[in-house]
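What follows is one structure encoded as structure tokens, with my remarks underneath.
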Amino acid sequence: MTATHTPNDLTIRVATVNGSGSQSSNLVLTHAIFRLGIPVAPKNVFPSNIEGLPTWFDVRVSPQGYQCRTRDIDILVALNATTWHTDVPGVRPGGIIVHESTFARTGVTERTDVTFYAVPFTELAKTRIEQGSLRKYLTNMIYVGVLAELLGIDLDIVEQAVRTQFKSKASAVESNMLAVKLGVDYARDNLPKQDAYRLERTNGKTEGQLLLDGNSAAALGCVMGGCTVAAWYPITPSSSLCEAFISYCDRYRVDAKSGERRVAIIQAEDELAAIGMVFGATWAGARAMTSTSGPGLSLMAEYAGLGYFAELPGVIFDVQRAGPSTGLPTRTMQGDLQFAYLLSHGDTKHVVILPATVQEAYELTMEAFDLADRFQTPVFVLSDLDLGMNSWMTPPLPYPHKAFNRGKVLGAEDLAALKSWGRYRDVDKDGIPYRTLPGTAHPNAGFFTRGTGHDEEARYSESPEVWQRNLDRLARKHETARTYVPGPVIDEAGGSAAILAYGTTHHAVVEARDRLRQDGVELDYLRLRALPFSPEVAGFIQRHERVYVVEQNRDGQLYGILRQELPTHLVSRLQTVRHYNGVPIDAHAIIDPLLEAEREPAIVTE
């Protein structure tokens with residue numbers, strides 16, 4: 001066991017049972033550490049059933065403020081007997097194991113290179129917590145008290161965190177704090193400190209920051225982006241996005257004088273109906289959205305094609321989970337990228353937005369509504385379970401000051417000044433036609449919206465020349481979008497090798513680059529934020545001999561899209577790095593294959 005350890009540099013893993021109320025205690029611990037001014041990165045790995053299966057919650061603490069998961073577990077809180085023998089071996093040498101005292105230390109759990117702190121959690125709850133119906137839930141708060149004492153978290157800080165967690169239920173504060181104090185007292189009286197781990201209050205590292213999940217941020221982006229219609233069908237892990245939107249609308253979309261709601265929110269009978277309602281609303285002039293995950297996105301394919309071909313705006317959130325099929329509903333992946341990009345039969349390509357942070361989940365959501373209107377097309381926002389459901393450190397979300405961009409909408413005065421117009425004419429040679437909205441007070445405002453073959457005037461046509469001309473225009477519109485979608489974020493110092501990634505993979509890339517730099521490997525970095533690729537992407541790859549495309553799916557979907565769309569001479573520069581076990585990617589999933597690859601000579605074709 002090491003005699004010293006860097007303060008504020010550790011990962012805590014809590015192993016409990018789903019449905020035991022552990023989420024509240026885990027968030028209290030997270031907020032208490034955050035209130036000490038210490039950067040935190042909580043990750044919840046939970047089962048897809050309601051109750052009874054194992055669940056784990058990691059709280060990573062690092063001086064650098066890393067927000068990605070780590071494989072290195074320093075402190076284990078073991079409260080689940082069924083995972084006891086698999087959890088204990090995962091603790092690094094020199095670590096701490098706080099465990100239920102009735103768990104036997106035999107076989108793989110009989111370690112001599114870690115510190116065990118045995119606590120009679122069950123007995124303490126049974127004898128000291130009077131509310132029998134709450135014992136199961138309050139038992140978890142005991143471990144918060146034990147860790148607070150062992151790591152040096154002041155009790156008043158814990159109480160502030162408890163009040164934050166139960167701000168809507170003040171009556172729960174007292175009972176939860178009693179459980180916390182049980183843990184503090186037991187540790188103080190029975191667990192003399194035998195390890196080097198500690199937390200120390202810092203100044204400035206969390207100042208001005210808040211903890212927020214990506215689904216809530218995206219929901220707020222919908223409000224600020226002018227969305228007034230939401231149609232959805234519940235599915236993990238996207239449900240909390242629409243639930244948060246409902247909550248925000250209850251506060252901000254109700255007329256103060258009349259009490260009238262200024263929003264329409266419909267829980268549809270299924271995902272196909274939901275996206276149909278979205279396109280009906282946007283055709284009528286509203287800004288509308290739906291949220292789903294992989295299985296729901298599959299059901300939306302038919303309407304996605306209608307939105308693309310009839311040219312109807314709409315924002316579709318896909319909070320990705322592990323597929324295919326039902327897959328792992330409560331695990332994270334980036335497995336829907338290629339599917340969303342090409343969703344529908346026939347020749348179809350969509351605009352796809354790829355936020356990596358809570359702030360981007362908010363800001364790029366607003367941008368998605370502008371893009372949907374500007375290009376009169378479905379826009380897909382691909383988040384994932386990690387970003388959507390976990391809490392992240394983020395600066396406050398800025399209030400928007402930019403006016404909405406509704407695109408090419410003709411009003412009555414515009415129509416009066418025109419001799420004629422056609423719904424699908426490419427007047428400006430950018431592939432984007434003009435449209436009118438229902439109710440426009442001019443006799444020429446009307447047109448047919450068609451998902452069947454149509455000419456520039458929206459008249460039905462099966463002419464081969466007309467059909468090809470229309471598809472060419474839609475492709476031209478997609479090319480125009482390259483210069484309007486959010487551009488990549490580039491960090492470049494002129495090196496020969498680089499990383500290209502997107503979404504939440506970004507946070508593991510940040511740590512991986514730091515650690516590789518310590519090993520003498522310097523890597524440039526491009527973070528993609530949208531499809532289609534903006535022109536900077538090809539230029540970035542051109543400037544590097546090797547570009548490692550890092551993503552969280554088995555098939556290297558972004559790698560495949562790059563190979564399909566880039567010039568042939570750039571394709572040989574790409575190498576794929578993939579992580580797809582359902583838990584958020586960590587830095588070593590990038591470091592290990594990159595170090596191996598960097599030892600091999602690159603073959604570059606000019």
Side-chain angles (χ1 to χ4, degrees), residues 8-9 27-44 59-69 157 160-161 164-165 167 199 201-225 240-241 244-245 247-248 251-252 317 319 353-370 381-402 486-491 501-511 513-514 525-530 584 587:
N8 304 340
D9 190 3
L27 292 175
V28 165
L29 177 65
T30 300
H31 280 274
I33 297 171
F34 182 75
R35 286 174 179 273
L36 289 173
I38 305 171
V40 292
K43 304 290 181 187
N44 191 13
V59 182
R60 184 176 187 187
V61 179
S62 63
Q64 301 89 346
Y66 292 133
Q67 292 292 288
C68 62
R69 173 181 169 269
I157 294 292
Q160 292 173 31
T164 297
Q165 180 63 28
K167 59 186 176 183
L199 298 175
R201 186 189 290 270
T202 62
N203 295 319
K205 291 196 173 182
T206 63
E207 186 176 353
Q209 299 276 308
L210 52 90
L211 288 171
L212 187 66
D213 64 272
N215 280 353
S216 294
L220 190 57
C222 290
V223 174
M224 295 299 190
S240 61
L241 196 159
F245 181 69
S247 178
Y248 289 133
R251 295 173 63 184
Y252 304 118
F317 292 92
V319 187
I353 305 299
L354 304 167
T357 66
V358 164
Q359 185 165 342
E360 285 188 345
Y362 167 71
E363 293 181 337
L364 296 188
T365 288
M366 292 184 283
E367 185 71 15
F369 284 100
D370 276 358
V381 181
L382 262 61
S383 176
D384 59 29
L385 183 146
D386 188 19
L387 176 59
M389 294 192 71
N390 284 321
S391 294
W392 298 76
M393 285 177 44
T394 182
L397 305 180
Y399 190 88
H401 295 287
K402 186 176 71 170
V489 178
I490 298 175
D491 183 3
Y502 67 97
T504 54
T505 303
H506 163 70
H507 305 281
V509 171
V510 170
E511 182 178 2
R513 291 180 73 211
D514 285 351
Y525 178 34
L526 181 147
R527 178 164 62 81
L528 194 70
R529 297 199 299 164

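In what follows, every heavy atom counts, from backbone to side chain, and hydrogens, waters and symmetry copies are set aside.
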- line: In this structure, CD1 of Ile38 is separated from OG1 of Thr30 (nearest 0.5 Å) by 12.0 Å
- prompt: Just how far is it from atom CG of Leu354 to atom CG of Asp384, taken to the nearest 0.5 Å?
  reply: 10.5 Å
task: Report the distance from atom OG1 of Thr504 to atom CZ of Arg69, rounding to the nearest 0.5 Å.
output: 12.5 Å
task: Over all heavy atoms of both residues, which pair between Pro396 and Gly208 is shortest? Give the atoms and the distance, please.
output: CD-O, 2.9 Å
task: Please name the pair of heavy atoms, one in Ala501 and one in Val509, separated by the smallest distance, quoted to 0.1 Å.
output: CB-CG2, 4.0 Å
query: Could you state the interatomic distance from OG1 (Thr365) to CG (Asp370), rounded to the nearest 0.5 Å?
result: 11.5 Å
query: Got Pro400 and Glu363 here, is their nearest side-chain heavy-atom distance under 4.5 Å?
result: no
statement: Interatomic distance, CG@Leu382 vs CG@Leu364, rounded to 0.5 Å, equals 12.5 Å
task: Please lay out, stage by stage, how Leu397 and Leu212 fare under the test side chain to side chain contact (heavy atoms under 4.5 Å, CB included).
output: CA-CA 10 Å; Leu397 305 180; Leu212 187 66; 3.9 Å; yes
- line: Interatomic distance, CG@Leu526 vs OH@Tyr502, rounded to 0.5 Å, equals 13.5 Å
message: Looking at Arg529 and Glu367, is there a salt bridge between them, counting it only when a charged N and a carboxylate O are closer than 4.0 Å?
response: no
- prompt: Does Pro486 reach the side chain of Ile353, with side-chain heavy atoms less than 4.5 Å apart?
  reply: yes
Minimal non-hydrogen separation, Leu387 against Pro355, with atom names: CD2-O, 3.8 Å
- prompt: Is Asp491 salt-bridged to Arg513, cutoff N-O under 4.0 Å?
  reply: yes
- request: Could you please spell out the steps behind the side chain to side chain contact (heavy atoms under 4.5 Å, CB included) verdict for Leu27 and Leu211?
  value: CA-CA 10 Å; Leu27 292 175; Leu211 288 171; over 6 Å; no
field: Salt bridge present between Glu360 and Arg527 (N-O < 4.0 angstrom)
entry: yes
query: Can you name the closest pair of heavy atoms from Phe317 and Ala218 and give their distance?
result: CE2-CB, 4.0 Å
- prompt: What's the verdict on side chain to side chain contact (heavy atoms under 4.5 Å, CB included) for Met389 and Asn44, showing C-alpha distance, side-chain angles and the deciding distance?
  reply: CA-CA 8 Å; Met389 294 192 71; Asn44 191 13; over 6 Å; no
